[in-house]
Each structure stands twice: as structure tokens, then as C-alpha cells.
Asker: 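Mind having a look at this structure? Questions to follow.
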Amino acid sequence: MQKALLDDVCWRNRVRKTKYICGCDVSYWPAMKSIKKVRAACAVYKYPELEEIEVAIYTESPKKTFPYVPGYLSFREIPFLLKAIEKLKSPVDLFMVDGQGRAHPRGMGLAVHLGLLLKKPTIGSAKKRLYGAETEVAAKKGSVSYLRDKKGDIIGAKLRTRDNVKPVYVSQGWGVSLERAVEIVLNSCPKYRLPEMIRAAHNNAQINGGKINS
DNA sequence: GCGACAG
DNA sequence: ATCTTGTCGC
């Protein structure tokens with residue numbers, strides 16, 4: 001399915017106005033075996049001011065969830081993400097997800113798949129590498145190095161969003177150039193390692209603030 | 001066969 | 001991903 005969907009992907013930049021960016025994330029409880037609750041959250045932020053405009057949350061107690069399998073995260077999280085996204089009332093120009101986009105074994109990471117379904121520009125911002133050859137990136141905020149596939153083509157970027165802090169992996173989703181994606185992610189990290197809208201989505205998706213109870 | 005492996 | 005606990009740097 002991922003290989004087939006790749007034909008519909010637009011790597012060209014077709015984004016002009018990015019006044020409203022929505023960060024998305026999903027949390028599970030418990031995390032490992034027999035998941036009882038899943039919560040997806042979306043946080044719309046005004047860009048580049050980074051002011052929160054709206055938050056939408058969707059919670060469910062699914063009988064069964066698609067397992068986490070590296071390379072197939074889309075099938076596990078997209079169903080929940082769509083539920084939270086459809087609750088949004090405010091307009092969104094671009095979606096940012098916590099995961100890879102083009103930097104994926106088949107070029108079909110979560111961000112790309114979601115963009116195809118929504119027909120909206122998307123960007124993938126991940127905390128760890130999934131695929132691609134990487135090189136060191138300078139310690140200064142704003143520094144970039146690139147992720148390449150086996151052919152040597154660039155499929156993503158390793159971006160330092162804070163001085164001396166572990167970099168984030170940025171890659172194209174749908175309809176956004178890598179250059180633009182890197183620029184947007186960097187402008188969304190004024191004080192923390194991760195983009196503000198993703199941090200907000202992550203926080204709102206938390207089911208038990210770090211405790212085993214409730 | 002072995003190592004890697006988003007969340 | 002989630003949970004726990006401790007340490008290091010600005």
C-alpha cells in the first residue's frame with residue numbers, strides 16, 4: 001500500500017500561507033501490553049507568533065490497536081489522529097506530526113501518509129532516526145546536515161533546534177519542500193528542542209500525567 | 001545470520 | 001510509547 005501511494009506524493013513546495021499550523025500527537029496507556037486508552041491531540045498555533053489558537057482531543061478505549069512496527073506507524077496512529085483533526089473548528093494551513101515523513105524506507109512515513117489523506121501540507125518532525133544515512137551536525141542552533149537514501153538522494157534533515165541539544169529529524173510530508181520544512185520547524189522552537197505545537201499536542205494527549213493510577 | 005528499528 | 005530515578009549544566 002505504501003509503495004502504491006507513493007505515486008500520489010507531491011514533493012514540490014505548494015505552500016504559500018502558513019498562518020495556522022497544527023501539531024499532532026498520540027499517547028497510549030499503558031504503553032506496552034494491553035493498551036486500555038488512546039488519546040490523540042491537535043494544537044493549532046498561529047505562525048510565526050506561536051500563539052495557541054485551539055486544541056482538540058479525541059479519547060478512545062479500543063478493543064485492539066494496530067501494533068507498533070517500525071515503518072508502519074501510520075496504520076497505528078492515523079485513525080486516531082483523523083478523529084482529533086475532524087474536531088477542529090479553526091482553519092489549518094499545515095500539519096506537523098511527531099514522526100518521519102519522507103525519511104522512511106519507502107518514502108511513506110506518517111507525515112506523508114497523513115498529508116495524502118488530508119490533501120493538506122504536512123511536515124514530519126521526529127526525535128529519532130528511522131531510515132537514511134546520517135552525518136554529524138554542528139552544535140550551533142540552526143545547523144543542518146542531511147539524511148540520504150541508498151542512492152545518495154536527500155530524504156530529510158537533521159536539525160539542531162537548540163545549542164548543544166540533541167537534534168531533531170525533519171522531513172517532507174506532502175506539498176512542502178525540505179527547505180521550507182526546516183525553516184518552519186526551526187522557527188517553531190524558540191525555547192525548547194521540539195516545536196511548540198508538537199509539545200502542546202503531546203501534553204494534551206497525555207492520559208495520566210506520568211502516574212500509573214487513574 | 002546480524003544489526004537496526006519513528007512512536 | 002510509558003514509567004522511575006538520578007545527574008549535569010546554564
Asker: Which of the following nucleotides, dA1(C), dA4(B), dA6(B), is nearest to the side chain of His104(A)?
Answerer: dA6(B)
Asker: Is the cationic atom of Arg76(A) (NZ for Lys, CZ for Arg) positioned less than 6.0 Å from the six-membered ring centroid of Tyr28(A) and within 45 degrees of its normal?
Answerer: yes
Asker: How long is the line joining NZ of Lys150(A) and P of dA4(B), in whole Å?
Answerer: 15 Å
Asker: Verify, without hydrogens or angle tests, whether Arg180(A) (side chain) and Glu183(A) (backbone) share a donor-acceptor contact under 3.5 angstrom.
Answerer: no
Asker: Is the phosphate of dG7(B) approached by Ser27(A) (side-chain N or O, under 4.0 Å from OP1 or OP2)?
Answerer: no
Asker: Can a side chain N or O of Arg129(A) be found less than 4.0 Å away from OP1 or OP2 on dA6(B)?
Answerer: no
Asker: Got a donor-acceptor contact below 3.5 angstrom from the Ser177(A) side chain to the Asn13(A) backbone?
Answerer: no
Asker: Taking CG from Leu130(A) and P from dC5(B), how many angstroms apart are they, rounded to a whole number?
Answerer: 8 Å
Asker: Using a cut-off of 4.0 Å on non-hydrogen atoms, how would the nucleic acid contact of Tyr72(A) be classed: base, sugar-phosphate, or nothing?
Answerer: base
Asker: For Leu110(A) and dG7(B), what is the distance between atoms CG and C1' respectively, to the nearest whole Å?
Answerer: 9 Å
Asker: Quickly work out the Ile207(A) CD1 to dC3(C) C1' distance and round it to whole Å.
Answerer: 14 Å
Asker: For Tyr68(A), which contact category applies under a 4.0 Å heavy-atom criterion: base, sugar-phosphate, or nothing?
Answerer: base
Asker: Describe the nucleic acid contact of Asn164(A) in one word from base, sugar-phosphate, nothing, applying a heavy-atom distance below 4.0 Å.
Answerer: nothing
Asker: Got a donor-acceptor contact below 3.5 angstrom from the Arg12(A) side chain to the Val176(A) backbone?
Answerer: no
Asker: When you measure from the side chain of Lys127(A), which nucleotide among dT2(C), dC5(B), dG7(B) comes out closest?
Answerer: dG7(B)
Asker: At 4.0 Å (heavy atoms only), tell me whether Gly124(A) reaches a base, stays on the sugar-phosphate, or touches nothing.
Answerer: nothing
Asker: Distance check needed: dA6(B) P versus Leu147(A) CG, whole Å only.
Answerer: 13 Å
Asker: Is a side-chain donor or acceptor of Ser143(A) paired with a backbone partner of Ala139(A) at a separation under 3.5 angstrom?
Answerer: no
Asker: Using atom CG of Asn203(A) as one end and atom P of dT2(C) as the other, report the distance to the nearest whole Å.
Answerer: 11 Å
Asker: Without decimals, in angstroms, what is the distance between Arg193(A) CZ and dC10(C) P?
Answerer: 19 Å
Asker: With a 4.0 Å cutoff (strictly under), does any side-chain N or O of Gln100(A) reach OP1 or OP2 of dG7(B)?
Answerer: no
Asker: To the nearest Å, give me how far apart CZ (Phe66(A)) and P (dA1(C)) are.
Answerer: 19 Å
